[in-house]
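Before any comments, here is the structure.
A note on names: the letters A, B, ... follow the listed sequences, proteins ahead of strands, and every chain is numbered from 1.
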Number of protein chains: 2
Amino acid sequence: MPSSEVPDIVIGRMPIYLRALRFMAAAGQEITSSHELGQRLGISSAQIRKDLSHFGEFGKQGTGYRISHLQDQIKRILKVEQEWEVALIGIGDLGHAIARYGGFADRGFRITLLFDSDPAKIGTRIDNLEILDVARLKEIVAERRIKIVMIAVPAQAAQQVADLCIEAGVKAMLNYAPITLTAPEGVRVQHSDPVAYLQRMTYYL
Amino acid sequence: MPSSEVPDIVIGRMPIYLRALRFMAAAGQEITSSHELGQRLGISSAQIRKDLSHFGEFGKQGTGYRISHLQDQIKRILKVEQEWEVALIGIGDLGHAIARYGGFADRGFRITLLFDSDPAKIGTRIDNLEILDVARLKEIVAERRIKIVMIAVPAQAAQQVADLCIEAGVKAMLNYAPITLTAPEGVRVQHSDPVAYLQRMTYYL
DNA sequence: TAGATTGTTAATCGATTAACAATC
DNA sequence: TAGATTGTTAATCGATTAACAATC
């Protein structure tokens with residue numbers, strides 16, 4: 001039975017499920033079960049069924065889930081059947097790698113704007129996409145109604161860039177700078193800090 | 001009172017605390033409180049005090065925490081007062097960016113080995129570090145007793161590379177490929193999939 | 001001292017798991 | 001049909017929060 005208040009931790013697992021389904025589909029598999037999915041992800045089958053039950057009934061007793069159908073449903077839930085335009089700010093080594101990364105296209109995203117503050121980079125192109133002056137960020141992002149950005153600028157510039165984005169109407173930010181960004185209610189932030197991940201693992205070594 | 005079984009979710013927040021303390025220290029601040037830290041991170045002050053209490057008593061009633069002292073303590077807890085050698089496998093755009101990233105050094109990690117399978121890359125150097133043949137990964141990683149790797153190879157090669165690493169004695173893997181890796185008990189895996197993060201946010205848009 | 005903040009306890013809240021009727 | 005697996009309920013487990021004595 002669909003609920004109006006799905007826990008965020010459940011939302012966080014949906015992309016993981018989608019990624020696993022995608023992998024199975026790529027291998028030609030057509031059907032899976034909560035048990036198989038759980039085994040592969042290190043999650044209990046009960047949790048997977050419970051998670052999915054927040055949104056509806058997608059399986060069949062006795063057989064399991066049609067992979068293509070479940071993929072479609074989760075994509076719809078996460079709103080990634082459509083393609084979102086994303087702006088990328090900061091075209092250093094990492095920004096460059098992100099800009100050239102081919103893995104966004106068929107998972108719901110497309111980088112359509114690049115920004116940097118370095119005059120030597122502004123006006124140059126990556127895969128035919130021009131690097132724009134970050135001074136024009138607010139204006140352009142607002143005009144294009146961009147809702148999602150990735151921030152790959154140095155730590156000391158990250159909050160400032162985030163604030164600009166927020167003023168321009170951005171609602172989701174993926175931050176690569178090693179600093180916790182603050183944002184008002186209604187604007188979501190995800191942090192991707194490799195060192196934090198590594199530190200989390202060294203505890204157990 | 002230090003406990004022998006600290007929840008993993010608490011371990012996961014420690015690097016976040018460390019990152020915030022680092023930021024405050026860089027700004028010249030010497031003292032902080034659970035309230036200030038919590039405000040900055042969007043976490044309740046009670047949670048921060050509770051988290052820290054798993055490991056000991058690091059503050060002073062009435063005044064708060066000496067930032068440098070708390071940093072030292074958390075570094076010790078996470079075992080990052082020392083510097084860990086890290087191997088990086090897959091020197092594409094992303095691997096290249098990671099290899100050149102300067103943010104590891106003073107947070108407990110140093111990339112000392114680079115691997116790729118492309119003959120055109122093998123033998124070339126990035127910042128004076130030679131790219132080695134992935135065929136020699138198992139041998140070299142085992143001999144050097146490397147415990148931590150970052151995997152930045154294409155999705156279809158990631159599990160195979162992970163298996164090699166595990167055989168070589170690796171205990172912690174940070175995976176950038178968009179696939180959930182499986183590893184035996186005792187080997188920790190963290191996934192960094194930008195698309196999964198983005199998908200998690202689009203739900204709320 | 002008075003004010004502030006810690007560390008800790010107990011209560012609350014929420015998430016996970018086990019179990020099973022329903023049913024394909 | 002017999003076997004398998006879902007969706008859901010209730011129980012368990014664990015994490016967060018509120019409150020406050022201790023104390024700097």
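- Rounded to an integer number of Å, the gap from L52(B) CG to dG7(C) P is 7 Å.
- One can place NE2 of H35(A) at 11 Å from C1' of dT5(D), the figure rounded to the nearest angstrom.
- Taking atom NZ of residue K60(A) and atom C1' of nucleotide dT23(C), one finds them 12 Å apart after rounding to whole Å.
- At dT5(C), none of the side-chain N or O atoms of S34(B) fall inside 4.0 Å of OP1 or OP2 (strictly under the cut-off).
- We find that R13(A) and D8(A) are not joined by a salt bridge, their nearest charged nitrogen and carboxylate oxygen being 4.0 Å or further apart.
- K171(A) forms no cation-pi arrangement with Y204(B), by the criterion of a distance under 6.0 Å to the ring centre and an angle within 45° of the ring axis.
- Rounded to whole angstrom, the span from the CD atom of Q61(B) across to the P atom of dT5(C) amounts to 12 Å.
- With sequence neighbours excluded, the residues that form a side-chain contact (heavy atoms from CB on, under 4.5 Å) with F104(B) are P194(A), V195(A), L198(A), I98(B), Y101(B), F109(B), I111(B), M150(B).
- Side-chain contact check for Y176(A) and D193(A): no donor-acceptor pair (N or O, by modelled atom type) lies under 3.5 Å.
- Residue whose closest nucleotide on DNA chain C sits further toward the 5' end, between G62(B) and G62(A): G62(B).
- Salt-bridge check for R76(B) with E81(B): failed, with every basic side-chain N at 4.0 Å or more from each acidic carboxylate O.
- Side-chain atoms of Q82(A) do not come within 3.5 Å of backbone N or O of G108(A) as any donor-acceptor pair.
- A donor-acceptor pair under 3.5 Å is formed between the side chain of K121(A) and the backbone N or O of I91(A).
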Along nucleotides 12-19 of chain D, 5' to 3', which nucleotides get a B, which get an S, and which get a -, given that the test is a protein heavy-atom distance under 4.0 Å? ---SSBBB
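- Y65(B) does not carry K60(B) over the face of its six-membered ring by the limits of under 6.0 Å from the centre and within 45° of the normal.
- With hydrogens and angles left out, the side-chain atoms of E36(B) and Q29(B) include a donor and acceptor closer than 3.5 Å.
- Summarising the geometry, the separation between CZ on F55(B) and C1' on dT6(C) is reported as 17 Å, rounded to the nearest angstrom.
- Judged as a side chain to side chain donor-acceptor pair (under 3.5 Å), and not counting sequence neighbours, the contacts of Q39(A) are H35(A).
- Scanning for side-chain contact (heavy atoms from CB on, under 4.5 Å) contacts around E85(B) gives T112(B), R144(B), I146(B), with sequence neighbours left out.
- If you take CD of E36(B) and P of dT5(C), they are 10 Å apart, rounded to a whole angstrom.
- Contacts between residues 63-75 of chain A and DNA chain D, defined by a heavy-atom separation below 4.0 Å, involve T63(A), G64(A), Y65(A), listed by number.
- Going from atom CG of L37(B) over to atom P of dT5(C) covers 13 Å, rounded to whole Å.
- Consecutive pairing runs in DNA chain D reach the stem threshold at C:3-24 with D:3-24, where a stem means at least three Watson-Crick or G-U wobble pairs with distances under 3.5 Å.
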